[in-house]
Amino acid sequence: LVGSEMCIRDSYSSLFPKPCQCVHLVCFLWKIMILLVLDMNGRIPEKTEGWNIYMKKMEDYVRSIPDFPEPGIIFRDVTSVLQDADGLHMAIDKMQELLADTDFDVLAGAESRGFIFGMPIAYNLHKPFVLVRKKGKLPCETVEKEYDLEYGKATIEMHKDAIKPGQKVVLVDDLIATGGTMEAAAKLVEELGGEVVKIIFLMELAGLKGRERLKEYDVESVICYEGK
């Protein structure tokens, strides 16, 4: 702070040989600006409250675990994002930014992490939120879609009255791998008369080619990992 003040004072002195109150005012304002950015330990924080300043990337909050669940696979652990206040805040902000230019009526999230990331975005944007659940979890009349897993099949459901004909829908999940779940969810939306205008993810495993499976849709992710 002292060095910065001297630098400013010297610069103004060279322009205005006579002492001037404006020099002291500028130095005072400079101190205030720096103190607003520095935390109590004199360091620039990872995210300054009220300022859109991020000192870490989204990838820095994701824990990568090698050789899980099998050798050669790097597991991208989203729980490390959720248990860090700054990481969770950034994840929601970054995913919401993907929708900045998207006109839509409803968000729908896939069980269960799609609920975690989709609900805050729906709340922030004042949009309704629809659940895409595993079979047998919804109480009212449903529509369902079966899709292939690596070893077997699975079925997801939506309430029959969740999407109205003509509504524009955004699908949300934490991760795109093979894309099977989101493809099935998109087909359910279309079966109910809705239009899938965008599908967003926090993370993408490009090596599993899920984006190719969803090529007829507008797909975006915050982080893209090249491997599996």
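We count residues from 1, following the sequence as given.
- Residues forming a salt bridge (charged side-chain N to carboxylate O under 4.0 Å, His left out) with Lys127 (at least two apart in sequence, or on another chain): none.
- When hydrophobic clusters are built by joining Ile, Leu, Val, Met, Phe, Trp and Tyr residues whose side-chain heavy atoms come closer than 4.5 Å, directly or via intermediates, Val143 is not grouped with Leu138.
- With rounding to the nearest 0.5 Å, the separation of CD in Glu157 from CG in Leu131 is 12.0 Å.
- Judged by distance alone, the side chain of Asn124 and the main-chain N or O of Pro120 form a donor-acceptor pair under 3.5 Å.
- Just one residue in the list Val169, Thr142, Ile156 forms a side chain to side chain contact (heavy atoms under 4.5 Å, CB included) with Leu188, and that residue is Ile156.
- Cluster partners of Phe68, using a side-chain heavy-atom cutoff of under 4.5 Å among ILVMFWY residues and allowing indirect links, are Ile65, Phe75.
- A donor-acceptor contact closer than 3.5 angstrom links the side chains of Tyr147 and Thr181.
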#### Entry: side chain to side chain contact (heavy atoms under 4.5 Å, CB included) assessment of Leu192 paired with Lys160
CA-CA 7 Å; Leu192 293 173; Lys160 200 169 185 179; 4.2 Å; yes

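- Closest heavy-atom contact between Met158 and Ala185: SD-O, 4.4 Å.
- With sequence neighbours excluded, no residue forms a salt bridge (charged side-chain N to carboxylate O under 4.0 Å, His left out) with Arg76.
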#### Entry: Working for side chain to side chain contact (heavy atoms under 4.5 Å, CB included), residues Val78 and Leu175
CA-CA 9 Å; Val78 76; Leu175 175 73; over 6 Å; no

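- A search for side chain to side chain contact (heavy atoms under 4.5 Å, CB included) contacts involving Tyr217 returns Ala186, Lys187, Glu190, Val196, Ile199, Leu214, Val219, not counting sequence neighbours.
- No donor-acceptor pair under 3.5 Å is formed between the side chain of His159 and the backbone N or O of Glu141.
- Listed by first and then second residue, the salt bridge (charged side-chain N to carboxylate O under 4.0 Å, His left out) pairs involving residues 115-124 amount to none (not counting sequence neighbours).
- Residues meeting the side chain to side chain contact (heavy atoms under 4.5 Å, CB included) test with Glu111, sequence neighbours left out: Phe115, Arg133, Lys134, Lys137.
- How far CG of Leu202 is from CD1 of Ile223: 5.0 Å, rounded to the nearest 0.5 Å.
- Judged as a ring pair (Phe, Tyr, Trp, His ring centres under 6.0 Å), and not counting sequence neighbours, Tyr123 has no contacts.
- Cluster membership check: Ile73 does not share its hydrophobic cluster with Leu205, using side-chain heavy-atom separations under 4.5 Å among Ile, Leu, Val, Met, Phe, Trp and Tyr.
- Within a 6.0 Å sphere centred on CG of Asp67, heavy atoms belonging to other residues, nucleotides or ligands number more than 12.
- Side-chain contact between Leu98 and Val222 is present, with heavy atoms from C-beta onward closer than 4.5 Å.
- Taken to the nearest 0.5 Å, the CE atom of Met203 stands 8.0 Å off from the CG atom of Asp77.
- For Tyr225, there are no side-chain hydrogen bond (donor to acceptor under 3.5 Å, both in side chains) partners, not counting sequence neighbours.
- Here the CD atom belonging to Glu97 is positioned 11.0 Å from the CD1 atom belonging to Ile200, to the nearest 0.5 angstrom.
- For Met58, the CE atom is densely surrounded, since the number of other residues' heavy atoms within 6.0 Å is greater than 12.
- Residues that satisfy the side chain to side chain contact (heavy atoms under 4.5 Å, CB included) test with Ser221, not counting sequence neighbours, are Phe201, Glu204, Arg211, Cys224.
- Annotation: salt bridge (charged side-chain N to carboxylate O under 4.0 Å, His left out) contacts of Glu183 (sequence neighbours excluded): Arg213.
- Taking Thr102 as the reference, Leu99, Phe104, Val170, Val197, Lys198 meet the side chain to side chain contact (heavy atoms under 4.5 Å, CB included) condition, with sequence neighbours excluded.
- Ion pair Lys168/Asp105 not flagged as a salt bridge, since none of the NZ, NE, NH1 or NH2 atoms sits closer than 4.0 Å to an Asp/Glu carboxylate oxygen.
- Residues passing the salt bridge (charged side-chain N to carboxylate O under 4.0 Å, His left out) test with Lys164: none are found, sequence neighbours excluded.
- For the pair Asp84 (side chain) and Val81 (backbone), a donor-acceptor distance under 3.5 Å is absent.
- Atom NZ of Lys135 is separated from atom CD of Glu146 by 8.0 Å, given to the nearest 0.5 angstrom.
- To the nearest 0.5 Å, atom CD of residue Glu191 and atom CD1 of residue Ile163 are 12.0 Å apart.
- Two residues are said to be in side-chain contact when any heavy atoms from C-beta on lie closer than 4.5 Å; Asp174 and Ile116 fail this criterion.
- When all heavy atoms are compared, the tightest approach of Ala108 to Phe129 is C-CE1, 4.2 Å.
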